[in-house]
Amino acid sequence: MSGRRVGFCLSDKKRRRMNLNAFRDFCGVHGVEVVEIDLTQPLIPQGPFNVIVHKLSDVIVEAEHDSRSQQLLANFQSYVSTHPGTVLLDPLPAMTQLLDRFVSYMIMSKLHNSLRDWHVCSPPYLKVPSAADLSTIKQTVMSQGLSFPLICKTRVAHGSLSHEMSLIFSAGRLADIHPPCVLQSFVNHGAVLHKVFVVGDKHFCVERPSLKNFPSGPCDRKTIFFNSHQVSKPECSSDLTALDEQMPCLPPLSSQAVAALVRELQVQLGMALFGVDVIINIHTHTLTVIDINIFPGYEGVPQFFSSLLSHIKTVLDKQTSACPRATSSPQTTQTAGGPSAGL
């Protein structure tokens, strides 16, 4: 690994949360140079890079309405296309699809068939576009078999607004939603969320607090608005997470089912760095996937640094064996996310 250069293209917030300075020191001990990429400056003088690790969610989302972000993204894509010898973690198209819950929930729904033997599923959901009217939403909720309460999430799965959610308890309260959004049947899960963090061919499970159980079926209760960060972070304490009834013990998380889920999503997504939020249905004990996250925070995973560096080494070793000359002088960029890239 000596002499390898890894570029990181992250927002300031992500850089601090990941503790990139500490990771730079960790990599330095192993002969790997970590370089912070400045998108506002020409990329060629900042290179060459053997690997670029990025989370361009802010730039991609803002590029829809901001010309400066459009230019930054175009510059990055131009560099990628003209440097196919550099490994990109993760592929831009793969990452971009997870910014849209309309797309990621469709991916989740496919798990019903592919992981049926492992009793893995995702809740029924409904995509609500901007132009949807209330009467149509009510009819579709009933016709597609969604059950109350419903959890409502924004379509865009990034940024502070993406954590603003609501619990809808009846058809009459559907007027409280703000399309475009996703409606998902709420599954009682004993206020326990399992965060599955994936780094290449490794994954880690961390338990977090989550929403408490609610009676099934419609009821005359006001909509509950909440921020998911305020109920599922490790240090959170909220009335929404406090169980107020006797709860039977849930079975432990099946390591075999989680491993099967991760393998399937690696194939579906073609990514190396992602997270999956899973819960266990208190009635059926079914492993239920409720969200997929891009390059998550990996809080509670002490092996993150070593796992990330190990994955970088794996994809570079594979690249070296396939094309030694290309990696000796990284002039050009390829993506590496799925099983073909060392997962």
Side-chain angles (χ1 to χ4, degrees), residues 97-116 118-128 141 144-158 162-168 177 181-198 203-214 216 224-234 236 238 240-241 243 250-251 253-254 257-258 260-262 264-265 268-269 271 274-294 296-297 299:
Q97 68 180 344
L98 291 186
L99 292 174
D100 186 343
R101 284 195 173 107
F102 284 10
V103 178
S104 63
Y105 278 45
M106 182 174 64
I107 294 171
M108 286 159 45
S109 68
K110 296 178 181 177
L111 301 174
H112 289 267
N113 293 325
S114 57
L115 296 174
R116 187 182 303 276
W118 292 103
H119 303 289
V120 174
C121 70
S122 63
Y125 75 99
L126 173 64
K127 299 182 290 187
V128 184
V141 164
Q144 293 197 6
L146 275 72
S147 57
F148 290 98
L150 298 172
I151 187 165
C152 180
K153 307 176 186 180
T154 60
R155 177 175 184 172
V156 177
H158 178 72
S162 69
H163 302 293
E164 298 296 333
M165 303 181 184
S166 58
L167 278 170
I168 313 292
I177 70 173
C181 59
V182 174
L183 294 173
Q184 185 182 56
S185 293
F186 180 77
V187 175
N188 283 326
H189 53 283
V192 177
L193 173 68
H194 300 277
K195 306 281 290 187
V196 181
F197 297 113
V198 181
H203 66 271
F204 308 90
C205 299
V206 177
E207 190 173 301
R208 296 275 178 82
S210 185
L211 293 172
K212 64 184 180 181
N213 301 329
F214 291 93
S216 299
I224 296 176
F225 298 93
F226 67 96
N227 185 297
S228 61
H229 271 177
Q230 295 175 0
V231 299
S232 62
K233 284 293 183 180
C236 289
S238 168
L240 291 176
T241 65
L243 290 174
L250 286 170
L253 196 64
S254 166
V258 171
L261 169 63
V262 169
E264 180 65 21
L265 284 176
Q268 294 286 339
L269 301 175
M271 294 175 65
F274 64 93
V276 193
D277 292 348
V278 300
I279 56 177
I280 299 175
N281 187 314
I282 64 169
H283 302 296
T284 66
H285 295 172
T286 303
L287 190 69
T288 306
V289 181
I290 58 172
D291 253 321
I292 308 173
N293 308 302
I294 305 165
E299 293 100 337

List the steps and the verdict of side-chain contact (heavy atoms from CB on, under 4.5 Å) for Ile294 and Phe274. CA-CA 5 Å; Ile294 305 165; Phe274 64 93; over 6 Å; no

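- A heavy-atom distance below 4.5 Å is not found between the side chains of Asp277 and Val289.
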Going through the distances and angles, do Cys181 and Cys152 end up as a side-chain contact (heavy atoms from CB on, under 4.5 Å)? CA-CA 7 Å; Cys181 59; Cys152 180; 3.7 Å; yes

Mind running side-chain hydrogen bond (donor to acceptor under 3.5 Å, both in side chains) on His119 and Thr286 for me, showing each step along the way? CA-CA 6 Å; His119 303 289; Thr286 303; 5.7 Å; no

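- Aromatic rings from Tyr105 and Tyr125 are positioned such that their centres are separated by under 6.0 Å.
- Side-chain contact check for Gln230 versus Ser238: every heavy-atom pair is 4.5 Å or farther apart.
- In terms of heavy atoms, Val258 sits closest to Cys205 at CG1-SG, 3.9 Å.
- Taking CZ of Arg208 as the start and CD1 of Ile279 as the end, the distance is 15.5 Å to the nearest 0.5 Å.
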Walk me through it: do Ile107 and Leu269 pass the test side-chain contact (heavy atoms from CB on, under 4.5 Å)? CA-CA 8 Å; Ile107 294 171; Leu269 301 175; 3.8 Å; yes

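- The shortest heavy-atom contact between Pro296 and Phe197 is CG-CD2, 3.6 Å.
- Between Asp291 and Lys153, at least one side-chain nitrogen of the basic residue sits less than 4.0 Å from a carboxylate oxygen of the acidic one, meeting the salt-bridge criterion.
- With contacts defined as side-chain heavy-atom distances shorter than 4.5 Å, the pair Arg101/His158 does not qualify.
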Are Thr288 and Ile280 close enough, and set up right, to give a side-chain contact (heavy atoms from CB on, under 4.5 Å), and what steps lead you there? CA-CA 6 Å; Thr288 306; Ile280 299 175; over 6 Å; no

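- Using a 4.5 Å cut-off on side-chain heavy atoms (C-beta onward), Trp118 and Leu261 make no contact.
- Atoms CG and OG, from Leu211 and Ser228 in turn, are 9.0 Å apart once rounded to the nearest 0.5 Å.
- Contact between Ala157 and Ser162 at its shortest, heavy atoms only, is C-CB, 3.8 Å.
- Val198 is not listed as a side-chain neighbour of Leu265, based on a closest heavy-atom distance of 4.5 Å or more.
- His194 has its side chain out of reach of Val276: every pair of non-hydrogen atoms, C-beta onward, lies at least 4.5 Å apart.
- Contact between Phe225 and Ser166 at its shortest, heavy atoms only, is CD2-CB, 3.7 Å.
- Residues Leu126 and Val141 meet the side-chain proximity criterion, which asks for heavy atoms closer than 4.5 Å.
- Between Pro124 and Ser185 there is a side-chain heavy-atom pair separated by less than 4.5 Å.
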Please lay out, stage by stage, how Asn281 and Asn188 fare under the test side-chain hydrogen bond (donor to acceptor under 3.5 Å, both in side chains). CA-CA 6 Å; Asn281 187 314; Asn188 283 326; over 6 Å; no

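- For the atom pair CZ (Arg155) and CG (Leu99), the distance works out to 11.5 Å, reported to the nearest 0.5 Å.
- Nearest approach of Leu250 to His189, heavy atoms of both residues: CD1-O, 3.4 Å.
- Interatomic distance, NZ of Lys110 versus OG of Ser122, reported as 12.0 Å (0.5 Å rounding).
- Interatomic distance, Leu240 CG to Ile224 CD1, rounded to the nearest 0.5 Å: 5.5 Å.
- Note that CE of Met165 is 7.0 Å distant from OG1 of Thr154, once rounded to the nearest 0.5 Å.
- The minimum heavy-atom distance between Val262 and Val196, with the atom names listed, is CG2-CG1, 3.9 Å.
- We find that Lys195 and Glu299 are not joined by a salt bridge, their nearest charged nitrogen and carboxylate oxygen being 4.0 Å or further apart.
- Among Val182, Val128, Leu150, the single residue meeting the side-chain contact (heavy atoms from CB on, under 4.5 Å) criterion with Ile177 is Val128.
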